[in-house]
Amino acid sequence: QVQLIESGGGLVQAGGSLRLSCAASGRTFSNYGMGWFRQTPGTEREFVAAISRSGGFTRYSDSVQGRFTISRSDAKNTVYLQMNSLKPEDTAVYHCAAADRVGLFDATGMSSRYDYWGQGTQVTVSS
């Protein structure tokens, strides 16, 4: 079992930046592929970014490619999401997730492959 706690959300103007953090506890962090997803009321959870267990492979949705960067620190048991050039359509609750059934170089965007989820942090981008 692993527990995930997100932080760093808030209100920002369009064009601004935020950095989300997700702290993990409970088991060996380096055993998990990590991902970020987002959700708005009445919509399906949407994939944002993923990073492999090795840290060497990443994957992004088309909507955030070039603006968002995912990274991880196994020493700090934390995964980050740096969000730049934010747009109003980025407004959502952002959840981090951990997958323990993925390969060392696998950065998956499939929510069904993630086993543990955080409660989320709200990001609001004003126009």
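By the side-chain hydrogen bond (donor to acceptor under 3.5 Å, both in side chains) test, Ser17 pairs with Asn84, sequence neighbours left out. Remark: Arg38 pairs with Glu46, Asp90 by the salt bridge (charged side-chain N to carboxylate O under 4.0 Å, His left out) rule, at least two apart or across chains. Residues passing the ring pair (Phe, Tyr, Trp, His ring centres under 6.0 Å) test with Phe47 are Phe37, sequence neighbours excluded. The salt bridge (charged side-chain N to carboxylate O under 4.0 Å, His left out) search around Asp100 returns none, not counting sequence neighbours. Not a single side-chain hydrogen bond (donor to acceptor under 3.5 Å, both in side chains) links Ser73 to another residue, sequence neighbours left out. Partners of Ala24 according to the side chain to side chain contact (heavy atoms under 4.5 Å, CB included) rule, which considers only residues two or more places apart in sequence or in another chain, are Val2, Leu4, Phe29. Residues passing the side-chain hydrogen bond (donor to acceptor under 3.5 Å, both in side chains) test with Ser85, sequence neighbours excluded: none.
Judged by distance alone, with hydrogens and angles left aside, the side-chain atoms of Gln1 form no donor-acceptor pair with the main-chain N or O of Gly26 at under 3.5 Å. Without hydrogens or angle criteria, Arg72 side chain to Gly33 main chain gives no donor-acceptor distance under 3.5 Å.
Between the CD atom of Glu6 and the CH2 atom of Trp36 there is a distance of 5.5 Å, given to the nearest 0.5 Å. With rounding to the nearest 0.5 Å, the separation of OG in Ser21 from CD1 in Ile5 is 12.0 Å. To the nearest 0.5 Å, atoms CG (Asn77) and CE (Met34) are separated by 9.5 Å.
Under the 4.5 Å side-chain heavy-atom criterion for Ile, Leu, Val, Met, Phe, Trp and Tyr, Ile51 and Val64 are members of the same hydrophobic cluster. Hydrophobic clustering (side-chain heavy atoms under 4.5 Å, transitive across Ile, Leu, Val, Met, Phe, Trp, Tyr) groups Tyr116 together with Ile70.
Each salt bridge (charged side-chain N to carboxylate O under 4.0 Å, His left out) pair with one or both residues in residues 116-126, not counting sequence neighbours, would appear here, but there are none. A salt bridge (charged side-chain N to carboxylate O under 4.0 Å, His left out) check over residues 109-127, counting only residues at least two apart or in different chains, returns the pairs Arg101-Asp115, Asp106-Arg113. Applying the ring pair (Phe, Tyr, Trp, His ring centres under 6.0 Å) test to residues at least two apart or on different chains, none of the pairs has a partner in residues 69-101.
Counting only heavy atoms from C-beta outward, the side chains of Leu86 and Phe68 approach each other to under 4.5 Å. Using a 4.5 Å cut-off on side-chain heavy atoms (C-beta onward), Thr91 and Thr40 make no contact. Within the 4.5 Å cutoff, the side chain of Arg67 has no heavy atoms near those of the Tyr60 side chain. Side chains of Leu20 and Met83 form a contact here, defined as non-hydrogen atoms less than 4.5 Å apart.
More than 12 non-hydrogen atoms from other residues, nucleotides or ligands lie less than 6.0 angstrom from CG of Leu104.
The shortest non-hydrogen separation linking Ser30 to Asp74 is CB-OD2, 3.4 Å.
Within the hydrophobic cluster formed by Ile, Leu, Val, Met, Phe, Trp and Tyr side chains joined at under 4.5 Å, directly or through other members, Val102 stands alone, with no partner residue.
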Name every donor-acceptor pair, under 3.5 Å, that has one atom in a side chain of residues 117-127 and the other anywhere in the protein, sequence neighbours excluded.
| unit_1 | atom_1 | unit_2 | atom_2 | d |
| --- | --- | --- | --- | --- |
| Thr121 | OG1 | Gly9 | N | 3.2 |
| Gln122 | NE2 | Ala92 | O | 3.4 |
| Gln122 | NE2 | Thr124 | OG1 | 3.3 |

